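First comes the structure, then the notes that go with it.
Scope of the values below: all heavy atoms of this structure, side chains included, with no hydrogens, waters or symmetry mates. If you're wondering where the values come from, they're calculated on a predicted model, not measured in any experiment.
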Amino acid sequence: MSTQASAVKKRRREQSMGWTPYLFVLPNLLIFSVFIVIPTIIGFVYSFHKYDGLNPMEFVGFDNYKAIFMNEEFWGALGKTARYALFAVPSIYCVSLAVAMMLIQPLRAKGLFRSIFYWPTMISYIIVGLTWKWIFGDFGIMNYVLTLFGGESVQFMSNPFFANLSVIIATVWSRLGFYMVIFMAGLQVIPSDYYEAARLDGASKIRVFRSITLPLLKPTTVLVIMLALIDAFKAYPLLFALTGGGPGRETTFIVQYIYETGFAKQELGMASAMSVVLFVLICLFTALQNKLSKGGEN
């Protein structure tokens, strides 16, 4: 009888413990739902309405989406964002991989160097933008150094080429540490036996990198490129603090344009439709990239 009672108690205890993991997950689930899931659903609903945030919504069906395809400013901002991603993503990939390969080597004060490279990722994008504006501004540190050595000051924020270059440099600096950590994790799981065998065969460092490191790092590469690409298409706070979208509209990328449409022009329905289009484009590109990373296999 006591054995049966203990078995019943044990079963009840297991049943009560079954809800414990869900209780730990619940706070994050609530936060994710309140700030991600629910706004996404609301934005999708808004995209089918004409709404300025003050007056009642007016259902317009797909009119907002039709207007987007005739909106040259939207596609212009999207094109500028794609151009920015085209240069920023490869730069982040190359620099973060190079730093990761350097920091997995036996070095003195390796932990210190890792902390130095990772530290910028913990800074707010607004602070990063203001810091680099202080460096590249018309009266910033860079121009001070140039004039100090007899050179002429450069209008970094007024020249479209230098403004875009400044944005890319600031982006790489701020995101380098995050992707460096991902690459370090990927590099450290590659079996050392492969490198030892390559050294015995007399393979050069370039051949080892091309034939061993890059192929075995492919899953990590896909992850880094996807995350960096999504980051590039979501870029706004850093750009706004650094260039304000200028000179002119040269660095007004897609998220800033959507923000201006929604809050400056008070066209929340149109801005929501633009957000949905951007979301679909990123999903399609990510799916294509996943397929290509698997060599076309289903």
Side-chain angles (χ1 to χ4, degrees), residues 35-90 125-126 129 133 157-168 170-171 225-290:
F35 292 101
I36 303 295
V37 177
I38 295 176
T40 300
I41 296 172
I42 293 174
F44 184 74
V45 172
Y46 282 176
S47 69
F48 295 101
H49 293 78
K50 182 179 180 181
Y51 184 48
D52 60 4
L54 298 174
N55 299 308
M57 290 190 296
E58 177 186 348
F59 182 76
V60 294
F62 288 94
D63 287 355
N64 287 332
Y65 292 96
K66 293 176 183 177
I68 287 174
F69 289 97
M70 304 297 294
N71 189 329
E72 294 182 1
E73 290 186 359
F74 173 82
W75 295 107
L78 187 61
K80 293 171 187 174
T81 307
R83 182 188 62 193
Y84 161 70
L86 183 64
F87 289 98
V89 173
Y125 281 131
I126 295 293
K133 187 175 183 178
M157 298 294 104
S158 303
N159 184 293
F161 172 79
F162 286 114
N164 281 287
L165 181 62
S166 302
V167 166
I168 293 172
T171 301
I225 291 176
M226 283 195 300
L227 291 177
L229 184 68
I230 293 171
D231 266 354
F233 274 87
K234 293 192 307 178
Y236 172 63
L238 186 151
L239 304 174
F240 184 76
L242 178 57
T243 66
R249 305 286 289 176
E250 185 64 30
T251 58
T252 301
F253 295 160
I254 188 63
V255 174
Q256 181 174 347
Y257 181 72
I258 292 173
Y259 173 84
E260 291 174 352
T261 301
F263 294 96
K265 299 179 181 179
Q266 292 187 326
E267 298 178 6
L268 294 178
M270 180 65 71
S272 298
M274 292 177 180
S275 299
V276 172
V277 171
L278 178 60
F279 174 75
V280 171
L281 288 175
I282 292 176
C283 287
L284 289 175
F285 190 85
T286 303
L288 176 63
Q289 194 170 25
N290 273 329

[Y] side chain reached by [X] side chain, heavy atoms, under 4.5 Å:
| X | Y | result |
| --- | --- | --- |
| Asn71 | Met274 | yes |
| Val276 | Tyr65 | yes |
| Ile254 | Phe74 | yes |
| Leu278 | Leu78 | yes |
| Phe279 | Ser275 | no |
| Val167 | Leu239 | yes |
| Phe233 | Val255 | no |

Open item on the list: Quick check against the 3.5 Å criterion: does Ser47 have a side-chain atom that pairs as donor or acceptor with the backbone of Gly269?
Closed with: no
Open item on the list: Could you check whether atom OH of Tyr236 has more than 12 heavy atoms from other residues, nucleotides or ligands sitting under 6.0 Å from it?
Closed with: yes
Task: Residue Lys66 excluded, over 12 heavy atoms near NZ under 6.0 Å - done: no
How many angstroms lie between atom [atom1] of [X] and atom [atom2] of [Y], to the nearest 0.5 angstrom?
| X | Y | atom1 | atom2 | value |
| --- | --- | --- | --- | --- |
| Met270 | Ile68 | CE | CD1 | 6.0 Å |
| Phe162 | Met157 | CZ | CE | 10.5 Å |
| Tyr257 | Thr81 | OH | OG1 | 12.0 Å |
| Ile36 | Ile41 | CD1 | CD1 | 12.0 Å |
| Thr286 | Ile225 | OG1 | CD1 | 11.5 Å |
| Leu54 | Gln266 | CG | CD | 5.5 Å |

Would you name the heavy atoms of [X] and [Y] that are closest together and state the gap between them?
| X | Y | result |
| --- | --- | --- |
| Arg249 | Lys80 | O-NZ, 2.5 Å |
| Asn164 | Arg83 | OD1-NH2, 3.4 Å |
| Pro247 | Asn159 | CG-C, 4.0 Å |
| Asn64 | Tyr46 | ND2-O, 4.1 Å |
| Val89 | Ala232 | CG2-CB, 4.4 Å |
| Pro237 | Tyr125 | CB-CB, 3.7 Å |

Task: Any donor-acceptor N or O pair under 3.5 Å, side chains Tyr84, Thr171 - done: yes
